[in-house]
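This report refers to the structure that appears directly beneath it.
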Amino acid sequence: MDNIMLHFGYQTSRESFSVLWKQENVSVSFDSEKRRVRFFLSYLSVEYKLELSYENIRQIELHLPSGQATKFLRIQLHGAPRIYEKHHRDQWVREVDFTPSFCIGQSSALCLELPLEGQLPKFHGDFVSYKENEGPFVLKRGSTLFCSSSLVPI
């Protein structure tokens with residue numbers, strides 16, 4: 001899936017998600033054989049790959065709010081994704097959280113904003129906790145827990 005909007009943050013209620021950081025034009029691939037989700041993005045002219053193992057996924061919920069032109073795939077996390085930076089010769093090197101205020105490390109969930117007509121993998125086989133919800137769902141601006149220049153664990 002290409003040209004996806006990726007939101008990092010936390011769920012505040014069943015129908016509300018607080019966004020700490022977002023990035024557009026993200027490519028997402030679900031690899032059920034290797035049990036990983038990969039996100040490819042560019043931020044401040046640097047290419048990054050975020051890799052999330054299925055074991056770090058607590059729950060997946062597809063939100064299909066009526067009357068909206070988008071659907072939302074919310075992924076509740078057990079742990080943060082691994083972050084890689086692309087170096088010369090297409091080599092991926094493990095990196096730390098590059099976002100302002102280390103938003104990836106402060107997030108307990110991520111949310112993919114998807115077009116309604118887009119196809120999704122069949123999650124039922126890989127995730128017993130997969131759900132679909134047709135009720136309202138909104139994204140709102142959230143606030144980080146702290147403002148520190150030190151690194152957070154990932």
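All of these numbers come straight from a predicted model, not from anything done at the bench. Both backbone and side-chain heavy atoms feed into the values below; hydrogens, waters and symmetry mates do not.
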Suppose we screen for side chain to side chain contact (heavy atoms under 4.5 Å, CB included). Which residues come up paired with Glu33, at least two apart in sequence or across chains? Asp31

Over 12 non-hydrogen atoms of neighbours within 6.0 angstrom of CD in Glu134: no

Minimum heavy-atom distance Pro65-Thr70, with the two atoms named: CD-O, 4.1 Å

Gap between atom OG of Ser108 and atom OH of Tyr10 - 0.5 Å precision: 9.0 Å

Whether the side chain of Glu15 engages the backbone of Gly135 through a donor-acceptor N/O pair (distance < 3.5 Å, no angle test) should be reported. no

Would Glu51 and Arg82 count as a salt bridge (Lys or Arg N to Asp or Glu O under 4.0 Å) here? Give the steps. CA-CA 5 Å; Glu51 197 170 80; Arg82 289 186 177 182; 5.4 Å; no

Exercise: identify the closest heavy-atom pair between Ser107 and Gly9: OG-N, 3.2 Å

Which atoms form the tightest heavy-atom contact between Leu20 and Gly142, and what is the distance? CD2-C, 3.9 Å

Residue Lys86 excluded, over 12 heavy atoms near NZ under 6.0 Å: yes

Closest non-hydrogen contact found for Phe17 with Ala109 is CE1-CB, 3.6 Å

Is Leu116 close to Gln68 at the side-chain level, that is, under 4.5 Å between some pair of heavy atoms? no

How close do Leu110 and Leu52 get, heavy atom to heavy atom, and via which atoms? CD2-CD2, 4.3 Å

Is there a side-chain contact between Leu50 and Phe8, using heavy atoms and a 4.5 Å cut-off? yes

Could you pull out all residues at least two apart from Phe137 that satisfy ring-ring contact (aromatic ring centres under 6.0 Å, His included)? His63, Phe72

For the rings on Tyr48 and Phe39, is their centre-to-centre separation under 6.0 Å? no

Using only atom types and a distance under 3.5 Å, with no angle test, would you say the side chain of Ser129 pairs donor to acceptor with the backbone of Arg58? yes

Rounded distance [0.5 Å steps], CZ in Phe30 versus CD1 in Ile60: 6.0 Å

Counting neighbours of CZ on Arg35 that are heavy atoms of other residues, nucleotides or ligands and sit closer than 6.0 Å, is the number greater than 12? yes

Could you grab the distance from atom OG1 of Thr99 to atom CD1 of Ile104, nearest 0.5 Å is fine? 4.5 Å

Sub-4.5 Å side-chain heavy-atom contact between Leu77 and Asn56: no

Per side chain to side chain donor-acceptor pair (under 3.5 Å), Glu61 is matched among Arg74, Gln76, Lys131 by Arg74

Note, Arg38 side chain near Lys49 side chain (heavy atom, < 4.5 Å): yes

Check whether any side-chain heavy atom of Ser53 sits under 4.5 Å from a side-chain heavy atom of Arg36, and report yes or no. yes

Between Lys140 and Ser16, which heavy-atom pair has the shortest distance, and what is it? CE-OG, 3.1 Å

Is the number of heavy atoms from other residues, nucleotides or ligands under 6.0 Å of Gln91 CD greater than 12? no

Is there side-chain contact between Leu114 and Ile4, with heavy atoms separated by less than 4.5 Å? yes

Do Val138 and Leu64 belong together in a cluster built from hydrophobic side chains that touch within less than 4.5 Å? no

Is there side-chain contact between Asn25 and Ser42, with at least one heavy-atom pair below 4.5 Å? no

